[in-house]
Chemist: 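First the structure, then my questions, so here it is.
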Amino acid sequence: MIAADQLVVTRFAPSPTGHLHIGGARTALFNWALARKLGGHFLLRIEDTDQARDTGDECVFGIMRSLAWLGIDWDEGPAPDDLSKSRDPRSVGPFFQSQRLDSYRAALEQLLQKDLAYHAFETPAELEAMRDEAKREKRAFRYNRAALSIPRDERFRRAESEPCVVRFRAPEEEVVVRDEVLGMVRIAPGEVDDFVIFKADGFPTYHFAVVADDQAMGVTHVVRGQEHLTNTPRHVMLQRALGYRTPVYAHLPLIVGESGAKLSKRDKDRAVRQACRDKNITSPPPGTADPDEFAGWLADKNRQMSGGALSRLAAALGVTLPPINAEDFRDAGYLPEVVCNYIALLGWSPGSDIEKFDMGFLAERFDLSRIGKTGARFDYKKLLAFNTDALAAMDDAEFASRWREWCASHAPDVLAATGAATTISESFAMLATAMRPRSKTFADAAAGCAFLLMDDGAIAFDDAAVSKNLIKNDGEGAAVLAALRDELAAAGDWSPKPLHDVIESYAGARAIGLGKVAQPLRVALTGGTVSPPIDATLALLGRDRTLARIDRCLSQVKTAIGKA
RNA sequence: GGCCCCAUCGUCUAGCCUGGUCCAGGACGCCACCCUUUCAAGGUGGAGACACGGGUUCAAAUCCCGUUGGGGUCACCA
């Protein structure tokens, strides 16, 4: 139990993979919120004990950048810009497990001396065989303690020269874990086997490092995903063996994907594979993926295609990969505060009808007792709706500023075309105002600018749009367009209001709906039927480009009518 | 397969602990209509759930047991 005057310490402890999975982001967010709510510290620790995994500094920076983007700041942990420095007000660092080996070895020695742990010499291949056997006999693998039949001194002697692991001698007793979300979880005696706590390479395993660090760093609350639930009895046993306290545990319900299984990178493969099935594609479009790899991948729903090939395939098929990592959401043009708001709702609720809230609200209202037990499906549509609402609620200036920032890294051509490379130009501001009401994400807003970025001569006219708005009824639309062209050419002030007046008076004079006028114009200017309000579209393009596009359209349509 | 966890609209959830105020509330999605210069957005309305079976009780979404279903986990990964 936590004493009343004790500093609450929560932690987020990712392994450095470079990406912050959205499930990890929620774990971090909840730990952050709990620390804020309780006036404690939120700590970031890097779990880099796997030497087989290549984990450059960039991997750590990637995760820290994602956390920072989401607005999750840590009181203790590596400094965000320089890994050789850290924030360490209580002097509990370093925050990289690879730099804490001495402390693990000291704790290990304790266990070894008390015979609470022992060396074991089976090779990986031998263990593999034992595991296979267990599987064949349909039982869970448990280490058989064969090493314990080796005399004690011999074990210690052999450990000097032979490669070996160290196993924890798990007591045969019931373990009851009190979990703030799940209640009491009981594990029968003998269920926990003698798991490895130190690897042959001299590094601790996750279980050992976590327990040692949580103690050393004074972690009081462990909030993590439910996939860790079965690890918890091991950790509790280790804590008891080492004489450590047991922190408060809270296991979060899993975030699941479309298939109902834990949301993962596989969901990207799943989306693309589904598209291939829908479109009856049996071989990869040229230049996207290796045909053999593709065939195997298509047939096996658990297979993952190499990253580059998957993106190329998705692009070729016109499929949007579902965002999974925090950076995917940023790339897709979501607002970080919206992402936080939405993921907070996955497994937690404030207990009222309120569901739109900010970080301050979370910091004030977050509560472990309101975390649910059931897995939550990630609903991209709801996230999108939240993001749409958030953009709609912004004022034009804020939208322009934040959208410009996004474009700088994701759509520089939009900035180039509006002269906004270094600052918000008048033309960019006008564009932003035009795009905001019809955008659900920043990416959406940028995609809507395509008509502006194209060369006047490069516009591809959509057949259906042309026939419906220009050719139908003996070229009614084309006639309107031709007439309007001259009115526009004569317009004095080329800005939205006067342009709007020109169009309206033209329509008014002939008693036709504005739609009959705007749509032909829209097709001529953009090739399709969708764009910002027509006066804004005109103003954005400018007089010369507008007239050039109308002329080009008219001449193409004339040919089409001639043929017909 | 062993062990563990879970079970309210299609989805996220409120309600469950402290049975009656719940013929179950909200949100996203869906449907219809309205608005409309396109697409969005917006407005109004609508359909839509207590997994099943047993108990306990005057009374159960709420408590108990079982069944079924789903998920997690069984590494010298974390």
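Everything numeric in this text was worked out from a predicted model, so none of it was measured. Letters A, B, ... are given to chains in the order of the sequence lines, protein chains preceding strands, and every chain is numbered from 1.
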Chemist: Would you say Lys373(A) places a side-chain N or O within less than 4.0 Å of OP1 or OP2 belonging to G71(B)?
Modeler: no
Chemist: Do Tyr206(A) and His228(A) have ring centres separated by under 6.0 Å?
Modeler: yes
Chemist: As a test of reading the structure: which of C12(B), C6(B), U38(B) is closest to the side chain of Leu346(A), going by heavy atoms?
Modeler: C12(B)
Chemist: Is the Phe378(A) to Tyr380(A) ring centre distance short of 6.0 Å?
Modeler: yes
Chemist: Kindly indicate whether the side chain of Arg377(A) and the base of C12(B) share any N or O donor-acceptor pair separated by less than 3.5 Å?
Modeler: no
Chemist: If G66(B) has a Watson-Crick or G-U wobble mate with both distances under 3.5 Å, name it; if not, just say none.
Modeler: C52(B)
Chemist: Can you pull every protein N or O that's under 3.5 Å from an N or O on nucleotides 22-29 of chain B?
Modeler:
from   : atom 1 : to        : atom 2 : distance (Å)
A27(B) : O4'    : Glu355(A) : OE2    : 2.7
A27(B) : O2'    : Glu355(A) : OE2    : 2.3
A27(B) : O2'    : Lys382(A) : NZ     : 3.4
A27(B) : N3     : Lys382(A) : NZ     : 3.1
C28(B) : O2'    : Lys382(A) : N      : 3.2

Chemist: Using whole Å, what does the distance between atom P of nucleotide C77(B) and atom CZ of Phe208(A) come to?
Modeler: 15 Å
Chemist: Have Gln519(A) and Arg522(A) got a donor and an acceptor in their side chains that come within less than 3.5 Å?
Modeler: yes
Chemist: Between C9(B) and C50(B), how far apart are the two P atoms, rounded to whole Å?
Modeler: 7 Å
Chemist: Strictly under 6.0 Å, is that where the ring centroids of Trp348(A) and Phe366(A) end up?
Modeler: yes
Chemist: Contact class for Gly372(A) vs. all strands (heavy atom < 4.0 Å): base, sugar-phosphate, or nothing?
Modeler: nothing
Chemist: Would you check if there is a donor-acceptor pair between the side chains of Thr246(A) and Gln239(A) at a distance under 3.5 Å?
Modeler: yes
Chemist: Using a 4.0 Å heavy-atom cut-off, does Val196(A) contact any base of the nucleic acid, only the sugar-phosphate backbone, or nothing at all?
Modeler: sugar-phosphate
Chemist: Using the ring of Tyr118(A) (Phe, Tyr or Trp, six-membered ring only), decide whether Arg167(A) places NZ or CZ under 6.0 Å from its centre and within 45 degrees of its axis.
Modeler: no
Chemist: How would you label the contact of Asp193(A) with the nucleic acid (heavy atoms, under 4.0 Å): base, sugar-phosphate, or nothing?
Modeler: nothing
Chemist: Which part of the nucleic acid, if any, lies within contact of Ile534(A), taking any heavy atom under 4.0 Å across all strands shown: a base, the sugar-phosphate backbone alone, or nothing?
Modeler: base
Chemist: Hey, does Arg522(A) reach any base, or is it just sugar-phosphate, or nothing, if we go heavy atoms under 4.0 Å?
Modeler: base
Chemist: If each of Pro124(A) and Pro253(A) is mapped to the nucleotide of RNA chain B with the nearest heavy atom, which maps nearer the 5' terminus, i.e. the 5' end?
Modeler: Pro253(A)
Chemist: Suppose we define a pair by two distances each less than 3.5 Å, Watson-Crick or G-U wobble; what does C35(B) pair with here?
Modeler: none
